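What follows is a set of notes on a single structure, which appears directly below.
Since we're looking at a predicted model, the values are computed, not measured. Below, chains carry the letters A, B, ... as their sequence lines are ordered, and counting in each starts from 1.
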Number of protein chains: 2
Amino acid sequence: MLFKIAVDCIIFTYDQQAHQLQVLLIRRENAPAQGEWALPGGFVDQLEDFAVTAARKLRQETGVDVSYLEQVQAYALTDPTAGQRLASVAYYALLDVAHYAPAADRTHYAQWVDLAQLPVLPFDHGQKVQDAWRRLQEAARHRPVPFHLLPRKFPLNHLQKFYEALYQVPLDNRNFRKWVKGLPYVEALAEVEQGVSHRPSQLYQFNTAAYSAYEQITQRTPY
Amino acid sequence: MLFKIAVDCIIFTYDQQAHQLQVLLIRRENAPAQGEWALPGGFVDQLEDFAVTAARKLRQETGVDVSYLEQVQAYALTDPTAGQRLASVAYYALLDVAHYAPAADRTHYAQWVDLAQLPVLPFDHGQKVQDAWRRLQEAARHRPVPFHLLPRKFPLNHLQKFYEALYQVPLDNRNFRKWVKGLPYVEALAEVEQGVSHRPSQLYQFNTAAYSAYEQITQRTPY
DNA sequence: TCAAAAGTGTTTCTGGTACACCCATGC
DNA sequence: GCATGGGTGTACCAGAAACACTTTTGA
């Protein structure tokens, strides 16, 4: 039994204005579900790892390289209306919104959509988004996820807002700041925000080298 | 481009005598890698969810239903010697060793092998075992994994040995017992072990209802 | 001087870790 | 009575959680 295999990509970004995680959706140009909003992706048409396929498709869609790409899982399409055997492998990716804004004139083809306000998606795309989100939350416990989605220099409050959006919980800002300051790989800069009508915030940045060192020695307790 | 899709199963069990996690391997009856030890599995030949396929293949192999089945991930076989496009989806499963012992006369076809002493496996099966093990370790932090692999009634020390095997670290038994006694879903029985030449150990069992209740209220802290 | 958001410390509590000896049984 | 593995408690420390006011800027 032979299958066509699709890769579906859940591309997350973070909207600093709205303090919301967003997902990139495109309007499907072909049947089935033509004209509906759905996840970007495409069929595997080369002999290569699925991650490579996913990265390639995304580069075609957006013109940029995503900075983080992980497999969610594989899904069998149990309702193959087209009479074809279909399987799909979902990947989630992170993309700084500043690096990719859908062209204004193509707004009808690709758009960032708030995770909280997703339309009903065709096929199993809704499920895939949920699964990917869960995976992203899990990944962010062990890995420096937010730095892919924030500008290089950011104030701590933005970082906090990001975590609040990711986990959908409010965080205590004093405890949060204390926690971040204990991380050796988040480094305070001498710089502050400019031109705001309130006390300017100090800027921080992610330190890759410090993170590598830190990663080496990190161990998790069992059970 | 069309693919054949295989499911590969990493079936874990726990050997109480050796205090070792084990994986079920079979001797491949067909080329490629004919006669070598490899993971059980087979090609997807029905229109159904991959998990269902995996469960079916395992029932065919072992004659029993596994009690836990989770997808690891999908892999593209990047070196298709057969000239065929192959993909595979790995699943890991848990099976109480008491429920399935490979028939003695078929020892050459299926066998439990210590995770610590795996032979070199063909294809990417070695990688898959490692990935599955990692996933199992992760799952055991949040879910009552061990109870699928221990007899219904067990002494706490066996539970401890299981965790030591799973995470490959020694645990302090006083702290471990303290931890377990704090879990509402592990319930002490009035019964003790019989016929051992040392102090008999008290038996415990997993309480499904208590676990369901506990699961509801469990929340993990973000970041 | 006001509005708006940034920033700051202390106390309490909980859970993790380290550590050494007595107990019940069969032989 | 001895060998074998089962079973117990306490003190210390680190990290999480709760909690309210002052600071800096532009308008």
Side-chain angles (χ1 to χ4, degrees), chain A residues 15-19 140-142 150-151 153-165 167-205 214 217-223, chain B residues 15-19 140-142 150-151 153-165 167-205 214 217-223:
Chain A
D15 178 343
Q16 301 225 29
Q17 273 68 53
H19 306 305
R141 295 185 203 284
H142 320 302
L150 293 171
K153 301 173 181 181
F154 53 86
L156 287 193
N157 287 330
H158 285 204
L159 187 60
Q160 180 181 337
K161 285 288 197 312
F162 170 81
Y163 277 102
E164 292 177 337
Y167 294 110
Q168 303 276 290
V169 291
L171 299 175
D172 178 275
N173 75 343
R174 278 178 291 191
N175 292 335
F176 179 80
R177 299 170 82 88
K178 214 183 313 170
W179 172 71
V180 173
K181 285 177 180 171
L183 300 176
Y185 52 85
V186 181
E187 123 190 316
L189 299 171
E191 244 169 297
V192 295
E193 215 180 1
Q194 297 293 331
V196 287
S197 77
H198 56 75
R199 177 171 177 176
S201 48
Q202 191 182 358
L203 298 178
Y204 289 76
Q205 73 182 6
Y214 169 81
I217 58 161
T218 302
Q219 281 274 355
R220 303 195 60 205
T221 58
Y223 67 87
Chain B
D15 178 343
Q16 301 225 30
Q17 273 68 55
H19 305 307
R141 294 185 202 285
H142 321 303
L150 293 172
K153 301 173 180 182
F154 54 86
L156 287 192
N157 287 330
H158 285 201
L159 187 60
Q160 181 182 337
K161 286 287 196 314
F162 170 82
Y163 276 102
E164 291 177 338
Y167 294 111
Q168 304 275 289
V169 291
L171 300 175
D172 179 276
N173 76 341
R174 276 180 290 194
N175 293 336
F176 179 79
R177 299 172 81 89
K178 213 185 314 170
W179 174 71
V180 173
K181 286 177 179 171
L183 300 177
Y185 53 83
V186 180
E187 125 187 315
L189 300 171
E191 244 169 299
V192 296
E193 215 180 2
Q194 297 293 331
V196 288
S197 76
H198 55 76
R199 176 171 177 176
S201 47
Q202 192 182 358
L203 297 179
Y204 289 76
Q205 73 181 6
Y214 170 82
I217 58 161
T218 303
Q219 281 274 356
R220 302 196 60 206
T221 58
Y223 66 88

*Along DNA chain D (nearest heavy atom to each residue), the more 5'-positioned of Asn173(A) and Arg199(B)*: Arg199(B)

*Starting at atom CD of Gln16(B), determine the distance to atom P of dG5(D), rounded to an integer number of angstrom.*
15 Å

*Nearest-Å distance, CD (Glu193(B)) to C1' (dG5(D))?*
9 Å

*Rounded to the nearest Å, what distance is computed from the CZ atom of residue Phe176(B) to the C1' atom of nucleotide dG15(C)?*
16 Å

*Rounded to the Å, how far apart are Arg174(A) CZ and dA16(D) P?*
17 Å

*asked:* What I want to check is whether an N or O donor and acceptor connect the side chain of Asn157(A) with the base of dA5(C) at under 3.5 Å.
replied: no

_Distance, rounded to the nearest Å, where Tyr204(B) contributes OH and dG6(D) contributes P_ = 12 Å

*asked:* Rounding to an integer number of Å, can you tell me how far Leu203(B) CG sits from dG6(D) C1'?
replied: 12 Å

*Identify, between Ser197(A) and Lys161(A), the residue whose nearest nucleotide on DNA chain C lies closer to the 5' end.*
Ser197(A)

*Separation of Leu159(A) atom CG from dG7(C) atom P, in whole Å?*
12 Å

*Glu193(B) side chain vs Ser201(B) backbone, donor-acceptor pair below 3.5 Å*: yes

*May I have the distance from Tyr163(A) (atom OH) to dA16(D) (atom P), rounded to whole angstrom?*
13 Å

_Under the criterion side-chain contact (heavy atoms from CB on, under 4.5 Å), I'd like the reasoning laid out for Val192(A) against Leu203(A): C-alpha separation, chi angles, the key distance, then a yes or no._
CA-CA 5 Å; Val192(A) 295; Leu203(A) 298 178; 5.7 Å; no

*Side-chain donor or acceptor of His19(B) paired with backbone N/O of Gln16(B) under 3.5 Å*: yes

*Where do Phe176(A) and Glu164(A) land on the side-chain contact (heavy atoms from CB on, under 4.5 Å) test, with the steps shown first?*
CA-CA 11 Å; Phe176(A) 179 80; Glu164(A) 292 177 337; over 6 Å; no

*Any Arg177(A) side-chain nitrogen or oxygen under 4.0 Å from OP1 or OP2 of dG7(C)*: yes

*Name the nucleic acid region contacted by Gln202(A), choosing base, sugar-phosphate or nothing; use a 4.0 angstrom heavy-atom cut-off, strictly under.*
sugar-phosphate

_Where Asp172(B) and Gln160(B) come nearest, the two heavy atoms and their spacing_ = C-NE2, 4.2 Å

*By nearest nucleotide on DNA chain D, pick out whichever of Pro200(A) and Lys178(A) is the more 5' one.*
Lys178(A)

